[in-house]
Amino acid sequence: MLIATWNINGVKARLDNLINWLEQHSPDILCLQEIKSVDEAFPRAPIEALGYHVETHGQKGFNGVALLSKSAPISLVRGLDGEESDEQARYIEGLWQDGARALRVASIYLPNGNPVGTEKFDYKLRWMARLEKRAKQLLADEGDVVLAGDYNVIPEPIDAKRPDAWLGDALFQPESRTAWRRLVNLGYTDAVRAATDAAETFTFWDYQAGAWQKNNGIRIDHMLLSPEAASRLTGVGIDKDVRSWEKPSDHVPVLIQIG
DNA sequence: ATGGTCGTTACACGA
């Protein structure tokens, strides 16, 4: 079972790249973030033509998440509980039957939170607390859970080429990193970090200032696995090559194989 | 070095 996550930064602008990538890797489930599309405008047809089911949770202009899957989910959850007034589309969760097992996969687009010291940063921290609550609930089922997406958190200094440059940024604030650790410490495994301690294991390179050419990247796209999913983990990868494609997203796909 | 580059949208904004 191949599961992947990719912040695609605009699904309409990235449709050719998405189709090419699906044809190359043929994942069982792909979590997308920043589709920047309302549900009605999502380019379903060419994706369905490849044999995928398409479930979206979009909004106009910004944010938006989706789940593409070869088999149809049994059930879906759109949005995170805990804040009635929150209208930002950042969470979609599906449940699949994988042989004898149930598999739950969420596509997460965690708030960026910049600038620090504003309502945007408070919203990020509130959203992380809401995610922690949901993540805890999901562990109670003792099933396979994969929480995948753009967390907008740099967990540790090793996860940035230039950690000093991120000290004032919401992605690397002590509060953001603490909230990340709280999530992991519930009992989740950071799949990429479990697979490698290597430096310069990045998933995002800014469009600006030649960040890609300088490998000035950060690791902010993560896949958190429940103990049951982690015990089945047989492979982890970051498809760095995609960043060198024409008209790339600023993020690249992260993949896991579970047996 | 307070710039730089994208996507979506509508004449900025979020990242």
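As the structure is a computational prediction, the values presented were derived from the model and not from experiment. Chain identifiers are assigned alphabetically (A, B, ...) following the order of the sequence lines, protein sequences preceding nucleic acid strands; residue numbering begins at 1 within each chain.
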Query raised in the report: How many Å lie between CG on A:Asp164 and P on B:dA1, as a whole number?
Result: 13 Å
Requested in this report: For B:dC6 versus B:dA10, give the span between their P atoms, rounded off to a whole number of Å.
Outcome: 22 Å
Report task. Using a 4.0 Å heavy-atom cut-off, write out nucleotides 10-15 of chain B from 5' to 3' as B (base contacted by protein), S (sugar-phosphate only) or - (no contact). Result -> S--BBS
**Report entry** Salt-bridge criterion met for A:Glu200 and A:Lys240 (N-O under 4.0 Å)
**Finding:** no
Query - Salt-bridge criterion met for A:Asp39 and A:Arg78 (N-O under 4.0 Å) - result: no
Query raised in the report: Would A:Asn9 and A:Lys36 count as having a side-chain donor-acceptor pair, cut-off 3.5 Å?
Result: yes
Query raised in the report: Is the A:Trp205-A:His251 ring centre distance short of 6.0 angstrom?
Result: no
Query raised in the report: Using the P atom in both, what is the distance from B:dT9 to B:dT5, to the nearest Å?
Result: 22 Å
Report task. Determine, using ring centers only, whether A:Trp21 and A:Trp6 are less than 6.0 Å apart. Result -> yes
Query raised in the report: What integer number of Å spans the P atoms of B:dT2 and B:dA12?
Result: 24 Å
Query raised in the report: Are A:Lys247 and A:Asp16 close enough for a salt bridge, meaning some N to O gap below 4.0 Å?
Result: no
Query raised in the report: On a whole-Å scale, what distance lies between the P atoms belonging to B:dT8 and B:dG4?
Result: 22 Å
Requested in this report: Measure the distance from CH2 on A:Trp6 to P on B:dG7 and round it to the nearest whole Å.
Outcome: 13 Å
Query raised in the report: Between A:Lys214 and A:Ala13, who's closer to the 5' end of DNA chain B by nearest nucleotide?
Result: A:Lys214
Report task. Rounded off to whole Å, could you give me the CH2-to-C1' distance for the A:Trp205 and B:dC6 pair? Result -> 17 Å
Requested in this report: Starting from P on B:dT8, measure out to CZ on A:Phe42 and report it in whole angstrom.
Outcome: 12 Å
Query raised in the report: Expressed as a whole number of Å, how far does the P atom of B:dG3 sit from that of B:dG7?
Result: 23 Å
Query raised in the report: Quick one: on DNA chain B, does A:Ala209 or A:Val38 contact a more 5' nucleotide (nearest heavy atom)?
Result: A:Ala209
Query - Pair A:Arg193 + A:Glu156: basic N to acidic O under 4.0 Å - result: no
